[in-house]
Enquirer: 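Next up is a structure, given as structure tokens.
Fair warning: this is a prediction, and the values are worked out from it, not measured in the lab. Sequence lines set the chain letters: A, B, ... in the order given, protein chains first and strands last, and positions in each chain run from 1.
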Amino acid sequence: MIKISNVSKTYPGGVRALNNISLQIEDAELYGCIGPDGAGKSTLFRMIVSLLIPDAGTIEVNGLDIVSNYKQIRSKVGYMPGRFSLYPDLSVKENINFFASIFNTTFEKNYHIIKDIYDQLSPFSDRPAGKLSGGMKQKLALCCALIHNPEVLILDEPTTGVDAVSRIEFWQILAGLKASGMTIVVSTPYMDEATLCDRVSLIQGGEILTSGTPVQITEAFPAALFSVRTRHSMYSLVEVLRQMPEISSAFLFGQAIHVVSKDMTLTSEMLQAMLNQSQYEEIGVSKITPTIEDCFMYLTDQTNISHG
Amino acid sequence: MIAFIKKEVQHILRDYRTMIILFGMPLIQVLIFGFAITNEIKNANLVVIDHAKDYQSVRLIQKMTSSGYFKLSGYASTVDESEQLFKSGKAKQILVIENDFAEGLRQNSARIQIISDATDPNVAEQLKNYTIGIISSFTAEQRDLPSPALKVNVSSQMYFNPELKGVFLFVPGTMAVILMLVSAMMTSISIAREKETGTMEVLLVSPLKPWQIIVGKVTPYVVLSFINALTILALGFWVFGLPIQGSFILLLAEILLYIIMSLSLGIFISTISSTQQIAMMLSMFALMLPTILLSGFVFPIENMPSFLQGLSCIMPSRWFIIIVRDIMLRGNGLTHIWMETMILCLMILFFLGLSIKNFKVRLQ
Amino acid sequence: MDREKVIEVKNLVKKFGSFTANDNLTFDVYKGEIFGFLGANGAGKTTAMKILCGLSKPSSGDIRIVGYDVYHETERIKNSIGYMSQKFSLYDDLTVWENFRFFGGIYGLSRKEIESQTQLLLNRLGIWSYKDRIISSIPLGWKQKLAFSVAIMHRPAIVFLDEPTGGVDPVTRRQFWDLIYQAASEGYTVFVTTHYMDEAEYCDRVSIMVDGRIRALDTPENLKSTFDCQDMQDVFIKLAREAKYQ
């Protein structure tokens with residue numbers, strides 16, 4: 001269990017990275033910290049692995065305080081930093097062997113933990129880590145973070161810059177690890193990955209916008225959301241929608257436009273009628289359940305307003 | 001820990017360009033400087049004003065010209081001609097042997113005057129030193145003479161390196177610079193690199209203790225530096241005929257001490273620099289230049305203003321050069337250089353202590 | 001088609017030793033188009049993009065950028081394109097204005113032009129007041145928008161965007177695409193790579209690279225119907241998977 005209580009951190013330059021964050025991560029949970037670059041995710045993760053000390057508040061990892069018991073924590077935690085953290089001139093096998101040895105274990109002894117991942121890498125076991133593709137690098141870094149069989153796994157943006165297919169594979173691996181009882185904390189800027197976590201926190205500007213299961217978060221969406229499609233220029237339609245007084249926001253969302261109403265009373269029929277008046281034809285309007293991305297955008301919009 | 005060292009060796013071996021520079025540099029530097037110095041002082045024009053004209057003065061002149069440093073370009077009769085001789089380039093140095101040289105030798109009152117063309121003061125100084133060296137070895141050969149100790153004003157420095165070969169002085173200097181470069185610069189850069197690429201984060205969260213990380217990083221460079229030191233010694237011995245008068249084992253032990261000293265400096269630099277670039281700049285300007293300029297390697301310490309003389313005392317290389325010269329040229333043992341050795345030991349303790357205090361188990 | 005071609009690629013091949021990074025690519029990009037260039041990590045996108053920017057020479061093939069040949073006229077190519085990537089965009093320790101002045105200077109704009117363009121682009125972003133702020137003090141999303149403005153400052157025919165929205169929050173990401181649309185409507189050709197598949201939907205045409213070849217190239221609409229998929233994410237996964245496990 002990881003218990004984060006009222007944690008704040010301000011960097012020497014005056015940049016406030018975290019502002020009074022509290023959250024609790026249960027054992028064997030796959031927990032996601034979702035937010036863009038600069039939200040404070042990396043700072044939080046570095047604190048959990050005892051590399052940074054909070055200005056205020058406390059963090060406990062499996063009952064150990066990160067400040068006073070940092071030595072014990074370090075042998076129980078597997079950590080994958082956000083930056084590429086392997087030795088590019090060492091081969092795949094050499095990297096794993098090295099990280100195994102600094103945790104006083106061996107590749108052979110803990111092979112069973114990384115077997116599934118390593119099998120995908122084994123064709124390249126002699127290739128220098130610097131010459132692997134992005135997805136492969138991340139799998140190797142994960143192997144290195146897992147090789148000492150940690151109780152808690154902290155992964156800082158493991159899928160950033162990784163293509164969609166490799167990202168799916170990476171999350172399948174995480175699901176397998178979670179099933180084995182490991183506590184996993186992942187950060188990501190990709191909102192669609194939130195649904196793959198048990199619970200998530202949406203983070204922006206050093207603050208938690210909301211926390212909960214993905215379903216809880218999307219169900220709490222306080223407005224009506226519509227998907228609008230057209231065969232004409234979506235871009236100009238967005239502009240039209242933004243001008244409507246009933247609409248609080250309209251954004252391109254892949255092949256559709258997601259439209260957020262100002263209150264719950266707006267229905268898709270009403271919206272359809274309004275658009276037909278604006279001489280838009282062949283328009284498909286349907287009410288939809290929001291995605292995590294919709295929620296994130298809605299919540300950041302609210303914080304922007306409340307912050308003036 | 002063994003694994004750590006193995007990893008470090010792999011890094012070094014795979015970066016073959018740096019490797020070539022590291023191993024090639026001592027070779028090239030010693031050869032270039034060695035030959036440059038030996039060539040510079042060959043066949044300088046010498047004019048002799050021989051007032052004595054006895055058998056000893058003739059022998060001295062012969063010894064001067066047969067040394068290879070001087071070429072007898074003529075005789076003159078008075079010192080008044082000096083200026084003209086220098087201007088015409090006929091002489092670089094004029095040797096004046098006063099009356100009754102042979103007799104004077106016997107009674108320890110022989111007088112010789114050296115007049116130098118100081119247009120290039122370094123060359124003039126060197127030629128003067130060679131001359132004094134030749135005279136002192138000339139007097140040393142006179143043991144068959146009845147008189148007791150023959151003395152011509154010869155400095156003690158001359159005494160042990162009779163012909164004052166430049167390369168003899170150069171080898172300890174080069175060694176000081178190269179060992180400092182390899183040890184301090186390379187370790188500080190390689191530690192800073194781990195900080196820069198983010199691997200340091202992973203190392204820090206591992207159960208490795210800071211001293212293990214440091215020893216692991218440093219050990220390969222100890223070996224590398226030691227190989228470099230041996231290369232320089234071998235070059236000095238076989239190419240330039242540099243003797244090792246004293247104990248070879250003691251010399252190696254002192255070299256090792258100096259390497260450890262440089263490494264602790266390198267570690268210290270890495271604790272205060274966050275990127276490879278900063279580490280590089282710090283080692284270049286804070287280490288390399290003072291090592292070259294203030295250690296007595298290029299400019300004699302005695303000629304420096306007292307402020308710089310004081311500054312040179314905190315240069316490890318100053319003491320190292322003294323140690324190496326003492327062992328190699330004078331054949332002295334530890335009894336003569338214990339103070340210098342102690343100074344190096346204290347410096348190691350100082351920098352290691354400072355590094356351990358500075359080495360952070362956390363970020364920021 | 002009689003539309004003006006700004007990028008013409010015929011049989012582009014790039015080999016590194018025995019490894020073929022780009023295997024016989026052929027495609028055109030038209031003026032004012034938003035062209036999405038997708039592919040898995042290691043599929044050869046970066047290699048191809050470097051060639052199109054005149055940074056590296058192909059092993060063989062006939063490639064023209066704005067009519068200039070990539071073998072001999074790289075200097076002219078560099079003057080007629082803009083480039084922006086997630087990794088390198090602006091100098092962190094300079095102010096907004098200093099960055100504009102520097103990049104404008106590189107492309108040979110006069111002082112007057114630099115001033116008027118800076119004013120125009122910053123006002124468009126609504127951040128004229130940021131003019132004297134140091135880049136490192138500006139949030140990432142804004143930085144990326146500024147970097148885009150800098151990239152089109154010298155009015156290039158094509159602007160290459162290499163993962164411009166990586167790590168950017170969803171609202172700013174969309175604002176960034178607003179900028180792209182606006183630029184395209186003004187006649188700039190936009191060549192963009194991304195890992196966000198929803199952004200692939202915003203492109204006029206999308207090419208998907210698999211193992212060094214262009215596996216598919218069409219409008220998002222046609223791609224979805226050809227491969228019988230719900231959205232571009234599915235199309236991409238279908239194509240990239242088929243390569244990985246063949």
Enquirer: Do the non-hydrogen side-chain atoms of A/V77 and B/V205 ever get within less than 4.5 Å of each other?
Expert: no
Enquirer: Would one find more than 12 heavy atoms of other residues, nucleotides or ligands at under 6.0 Å from atom CD of B/Q277?
Expert: no
Enquirer: Considering only heavy atoms from C-beta outward, does the side chain of A/L90 approach that of B/H11 to under 4.5 Å?
Expert: yes
Enquirer: Find out whether A/R46 and B/E201 are in side-chain contact, i.e. whether some heavy atom of one side chain is under 4.5 Å from a heavy atom of the other.
Expert: yes
Enquirer: Among A/P128, A/S75, A/S85, which residue has the highest count of heavy-atom pairs closer than 4.5 Å to chain B?
Expert: A/S85
Enquirer: Under a 4.5 Å cutoff for heavy-atom pairs, which residue among A/I73, A/V67, A/N97 has the most contacts with chain B?
Expert: A/V67
Enquirer: How about B/M19: does its CE atom have over 12 heavy atoms from other parts shown lying under 6.0 Å from it?
Expert: yes
Enquirer: How long is the straight-line distance from CG of B/L204 back to CZ of A/R74, given to the nearest 0.5 Å?
Expert: 6.0 Å
Enquirer: Which pair of heavy atoms, one from A/D89 and one from B/R14, lies closest together, and at what distance?
Expert: O-NH1, 2.7 Å
Enquirer: How long is the straight-line distance from CD1 of A/I102 back to CG of B/L203, given to the nearest 0.5 Å?
Expert: 5.0 Å
Enquirer: Nearest 0.5 Å, what's the CZ-NZ distance between A/F99 and B/K7?
Expert: 7.5 Å
Enquirer: Need one label for B/E8: side chain, backbone, both or neither, based on atoms under 4.5 Å from any heavy atom in chain A.
Expert: neither
Enquirer: If you count heavy-atom pairs under 4.5 Å with chain A, which of B/S206, B/A3, B/G198 comes out on top?
Expert: B/S206
Enquirer: Which atoms of A/L86 come close to chain B, meaning under 4.5 Å heavy atom to heavy atom: side chain ones, backbone ones, both, or neither?
Expert: backbone
Enquirer: Decide yes or no for B/K6 and A/F98: does some side-chain heavy atom of the first lie under 4.5 Å from some side-chain heavy atom of the second?
Expert: no
Enquirer: Is B/F350 atom CZ crowded by more than 12 heavy atoms from other residues, nucleotides or ligands, each under 6.0 Å away?
Expert: no
Enquirer: Can you tell which of A/P81, A/S101, A/P88 has the highest number of heavy-atom pairs within less than 4.5 Å of chain B?
Expert: A/P81
Enquirer: With a 4.5 angstrom heavy-atom cut-off, is it the side chain or the backbone of B/E194 that approaches chain A, or both, or neither?
Expert: side chain
Enquirer: Kindly check if the number of other-residue, nucleotide or ligand heavy atoms within 6.0 Å of CZ (B/F237) is above 12?
Expert: no
Enquirer: Is A/I154 close to chain B through its backbone or its side chain, or both, or neither, when contacts mean heavy atoms under 4.5 Å?
Expert: neither
Enquirer: Tell me whether B/M342 at atom CE has more than 12 heavy atoms from other residues, nucleotides or ligands lying less than 6.0 Å away.
Expert: no
